[in-house]
Amino acid sequence: MQASTFLILDGNSLAHRAFHAIPHLATSQGVATNAVYGFTNMLFKVLKEVKPDLAAVCFDKGRVTFRHDHYEDYKAHRPGTPDELRPQFPLIKEVLAAMNIPVLECEGYEADDLIGTLAGRAEQAGISSIIVTGDQDTLQLVSPLTRVFLTRKGISELEEYTEGRVWERFGITPAQFPDYKGLVGDPSDNIPGVPGIGPKTAKALLKEYGSLEEVVSHVDDLPARQRDKIRQYHEQALLSKRLATIEREVPLEINLDAFRWPGPDYNQLLSLFSRLEFKTLIRVIRQELGEKEEAEGRQPAREVETYRVTFRHLTGREDLSRLVELCRRAGRVAIALSGSRQEGIVAAALGLKAPGDSPEAPYLSIFYLEPGDPASNPAALDALARIFRDPDTEKLLHDGKSALWLLQKHGLALNNLAFDTMVAAYLLNPASANQELADLALEHLKVVLPARGEEALAARADVIWRLSELLAEKLRLAEMERLYYEVELPLVAVLADMEMTGVAVDKQYLEEMSRELEIKLAAIAEQIYQLAGEQFNINSTRQLGYILFEKLELPVIKKTKTSYSTDASVLEELAGAHPIVPLVLEYRQLMKLKSTYVDGLAALINPETGRLHTTFHQTVTATGRLSSSDPNLQNIPIRMEEGRKIRRVFIPRREGNLILTADYSQIELRILAHMSGDPNLLEAFRQGQDIHTRTAAEVFGVAITEVTADMRGRAKAVNFGIVYGISDFGLARDINVSRQEARQYIENYFARYAGVKAFIERTIQQAREKGYVTTLLNRRRYLPDLFSANRNVRMFGERTAINTPIQGSAADIIKLAMVRIHRELKERGLATRMILQVHDELIFDMPAGELPEVSELVRRHMENALVLDVPLVVDMKLGPNWYEVKKI
DNA sequence: GTGTTCACG
DNA sequence: ACGTACGTGAACACC
């Protein structure tokens, strides 16, 4: 054998490291996976760096080892394996099996001993070894052929130990390590050593005498203090040395060839990772596979069977018109498109159950066409257009909204979107990080999608078909059919329409604001530099921290993980302490306005339409809300007057139109009243009272007429707190009262609204039983955090259990209203367009003349979206832009 | 890419 | 004794 490298891992040590280094991590079903994840990541990293020819992972076996024969208290103080870690060992071994790395364990021996034995055999065969572990004892194995990599700081870094490095760090040779431990001891293994002898003395003694035995035999030559200690404890020291000595002759049949590493079994690995929900690792592997195939050329020796489908590449006009007919007769077709918003549709694959498909043949017929090349294929786009338009053909898509954007480029319509696998998968688990088709294929069908080419698109069509059937059944079982077919699926096209319509903007006004802010910012910056006595980057929290807390010596209020906190709450507290502080606050505010809103929005104006076309994300939030990006139009300033002015920029799309806004009044608290059935809360809403005033009266025990503005403000914070899963600490911080006082408010609240208290307790209890919480329309969110061993994580889970049904039900309601409003606007042929949704508010771009009709229908659909035990109330405003809207 | 800060409901 | 409201996205600094 020549110049081979043997990678030997200490499975137990690394699993423990990973467990403590990776914060709680679990599958959506609550199976703890943090140690498996950390271990696997580390394994990948090491394999990539070392590229070993041989590999093995050693584990401890048996609670009692030969060391206990000598010393029954060996490792006695070590806490047992944590409950959340123990079940992860079998999973780690599954990972290793899929990696084709042998696992070695031997009854009565620790991983160290196996590692020592393996490394010894390797040395005899002239093979160099790399040992990876968190256990310092292993350093005694270091030799010219054997290196040890110790984990440092969790799992992210490894420190390499050669003989030289051991000498540098400890001042001893690797072979002296057991002697060293014999003197110094090791509290973590409950090895006593010699009390009073530390690293320095031990190092000096071993340098002088070479070994512990020699030290003991020369005990009379030692200085008095050391002599007494060694005399008293020499037996204990020799025992400690034996305990710390790694057994290098474990009786095992070892054939080094058995450890030759052939590389991973990618199929097994992908299926395991999809079970463990290791999305990132799945991507890493898929990437690796792609690179591998590329490197190996067109005829790769495949180690993994990527999903293969047979398909027909259609070009002829006759074939294409037959395809349209085929789709019609089949009644439903799965469609995968490739292309971009700029070019439109480049290629398409269609999957359908054709009447002629024999039971022997693949049950799907798949066709591939390229409308992107009109010269060679003029009829393809026309065929697609007819299929998409046909209301009698059900279309199955993944990410229908993106498909609608592609179609729009060619001016095509889509009728009868019957299933969207992306949206379906989101409903089944809204917490998952993404809903990409490749991930769904892995998770639900256990297949790996090919990455590129015609085959990839054909496979996507096939997978969309199969997933549609599978996910539809899962939705049925989860009782989410109404939510899916009445709300989320029709919403796809509604959102597409909103995005495409876009929001008109006043570009000149935006540019004006930018210039003004520029000037103000420069002036403030100048004053800040004057007061600081130097120029620095005010945007840098680090530099600002240095100026405030070191140069100007202002008191440190709060720290972040890495340095001083300079957030608004800190600066407000320091505002009186130095004139620079209020300037920094103002600078921050204006800077935010300019960069995020003024300049940020301007950069995203579509040059063709002159409007902003946000993207609404339907499969992102854990609660069921939408989110918005590029630009985010759901966080346009309103609370501060300076920021609020930004809203002037948002104008109707043509002369004679107005901006109409309609927002739900207190929808979350109304939902709370409905879900809890609390009589007090129900009454407040039924009588149309101001809810915060009513709460103030209840909490402070005064008449409604006696409630002051201050009391109302505090009560408002209490109401918010209830919806978020209140804590006295959070409430106290928010309204600046003592924690005791906050606790009193909460107690009073629950005394007056006992139904709410019962609802909270009931909701958490049910969440624990089922593992998930639900909304009014049965939207579901799994809460593995409820079962965490970590109290903080668990309490976080409890707060989410309360908040999600409320926030999510509000999302259900407004989405239902959006679908119905959109439908009726269309049916009536109105020119009004719904352009934005901001969680509890809808915004319309409306011809002034349509006001009576539109305001009636919007109010009707919003207020009657669902019938609750309290009325839903909508406030409407109207104006020439989003800033100047006035109540109607 | 991660951390900090801050805008919204 | 601990560390705390729920849900998002964007800009910037710094590695």
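In what follows, every chain begins at residue 1, and chains take the letters A, B, ... in the order their sequences are listed.
- In summary, the side chains of A:Ser402 and A:Asp399 do present a donor paired with an acceptor at a separation below 3.5 Å, with no hydrogens or angles considered.
- Remark: the separation of the C1' atoms in B:dT2 and C:dA5 is 24 Å, to the nearest Å.
- One finds a side-chain N or O of A:Thr566 lying less than 4.0 angstrom from the OP1 or OP2 phosphate oxygen of B:dT5.
- The gap from the C1' atom of B:dC8 to that of C:dG3 amounts to 26 Å, rounded to the nearest Å.
- Donor-acceptor pairing under 3.5 Å, judged by distance alone, is absent between the side chain of A:Asn803 and the base of C:dA5.
- At the heavy-atom level, A:Arg625 lies under 4.0 Å from base atoms of the strands shown.
- For A:Asn539, the listed nucleotide lying nearest its side chain is C:dC12; candidates were C:dG3, B:dC6, C:dC12.
- Within 4.0 Å (heavy atoms only), A:Ala810 reaches no atom of the nucleic acid at all.
- Judged purely by distance below 3.5 Å, without hydrogens or angles, the side chains of A:Thr623 and A:Gln807 pair a donor atom with an acceptor atom.
- Whole-Å rounding puts the A:Arg799 CZ to C:dG3 P distance at 13 Å.
- Rounded to whole Å, the distance from CZ on A:Phe616 to C1' on B:dG9 is 13 Å.
- Residue A:Ser629 places none of its side-chain N or O atoms closer than 4.0 Å to OP1 or OP2 of C:dT8.
- Not one N or O on the side chain of A:His861 forms a donor-acceptor pair closer than 3.5 Å with the backbone of A:Ala817.
- Not one side-chain nitrogen or oxygen of A:Thr541 sits closer than 4.0 Å to the OP1 or OP2 atom of B:dT5.
- Rounded to whole Å, atom C1' of B:dG9 lies 14 Å from atom CG of A:Leu836.
- On the P atoms, B:dT5 is 23 Å away from C:dC2, given to the nearest whole Å.
- Judged by distance alone, the side chains of A:Gln744 and A:Asn748 do bring a donor and an acceptor atom under 3.5 Å apart.
- Among the atoms of the strands shown, only primed sugar atoms or phosphate atoms (P, OP1, OP2) are found under 4.0 Å from some heavy atom of A:Ser628.
- Counting distance only, with no hydrogens placed and no angle test, the side-chain atoms of A:Arg739 and the base atoms of C:dG3 include a donor-acceptor pair under 3.5 Å.
- Whole-Å rounding puts the A:Tyr724 OH to C:dC6 C1' distance at 6 Å.
- A:Phe720 comes within 4.0 angstrom of no nucleic acid atom, judged by non-hydrogen atoms across all strands.
- One finds a side-chain N or O of A:Arg733 lying less than 4.0 angstrom from the OP1 or OP2 phosphate oxygen of C:dA5.
- With distances taken from any side-chain atom of A:Lys592 to the nucleotides C:dA5, B:dC6, C:dG7, the minimum falls on B:dC6.
- The pair A:Glu488-A:Arg779 meets the salt-bridge criterion, since a charged nitrogen lies less than 4.0 angstrom from a carboxylate oxygen.
- A donor N or O paired with an acceptor N or O is found under 3.5 Å between the base of C:dC6 and the side-chain atoms of A:Gln807.
- For C:dC14, the OP1/OP2 oxygens have a side-chain nitrogen or oxygen of A:Gln543 closer than 4.0 Å.
- Between A:Phe700 and A:Tyr745, the ring centre distance stays below 6.0 Å.
- The side chain of A:Arg588 sits closest to B:dC6 out of B:dC6, C:dA5, C:dC14.
- No engagement by A:Leu626 is indicated, since no non-hydrogen atom pair under 4.0 Å with the nucleic acid exists.
- When distances run from any side-chain atom of A:Pro637 to the nucleotides C:dG3, B:dC8, C:dG9, the shortest one goes to B:dC8.
- Residue A:Arg794 is classed as having no contact, given no heavy-atom separation below 4.0 Å to the nucleic acid.
- The separation between A:Asn719 atom CG and C:dC6 atom C1' is 15 Å, rounded to whole Å.
- Here A:Ile726 lies in heavy-atom contact (under 4.0 Å) with a base.
- Residue A:Ser727 places no side-chain N or O under 4.0 Å from the OP1 or OP2 atom of C:dA5.
- Side-chain N/O atoms of A:Arg588 and A:Thr566 include a donor and acceptor closer than 3.5 Å.
- Across all strands shown, nothing is found opposite C:dA1 as a Watson-Crick or G-U wobble partner with both distances under 3.5 Å.
- Among the protein residues, A:Asn632 comes within range of the sugar-phosphate backbone only, with heavy atoms under 4.0 Å from sugar or phosphate atoms but none that close to a base.
- Within the nucleic acid shown, A:Arg791 comes within 4.0 Å of at least one base atom, counting heavy atoms only.
- Relative to the side chain of A:Thr560, the nucleotides B:dT4, C:dT8, C:dA11 differ in distance, and B:dT4 lies closest.
- Comparing atom distances between the A:Thr596 side chain and each of B:dC8, C:dG3, C:dA11 picks out C:dA11 as nearest.
- On the C1' atoms, C:dA1 is 32 Å away from B:dC6, given to the nearest whole Å.
- Put simply, CG on A:Asp567 is 16 Å from C1' on C:dA11, counting in whole angstrom units.
- Set against B:dA7, B:dG9, C:dG7, the side chain of A:Thr800 has C:dG7 as its closest nucleotide.
- The side chain of A:Arg542 contributes no N or O atom lying less than 4.0 Å from OP1 or OP2 of C:dC14.
- As a whole-Å value, the separation of A:Arg639 CZ from B:dC8 C1' is 6 Å.
- For C:dA13, one of the phosphate oxygens OP1 or OP2 lies less than 4.0 angstrom from a side-chain nitrogen or oxygen of A:Asn537.
- Contact annotation for A:Val838: backbone-only contact, meaning every heavy-atom pair under 4.0 Å involves sugar-phosphate atoms and none involves a base.
- Between the CG atom of A:Asp875 and the C1' atom of B:dG9 there is a distance of 15 Å, given to the nearest Å.
- When atom types are taken as modelled, the side chain of A:Glu863 and the backbone of A:Val874 share a donor-acceptor pair closer than 3.5 angstrom.
- Not one N or O on the side chain of A:Asp840 forms a donor-acceptor pair closer than 3.5 Å with the backbone of A:Asp663.
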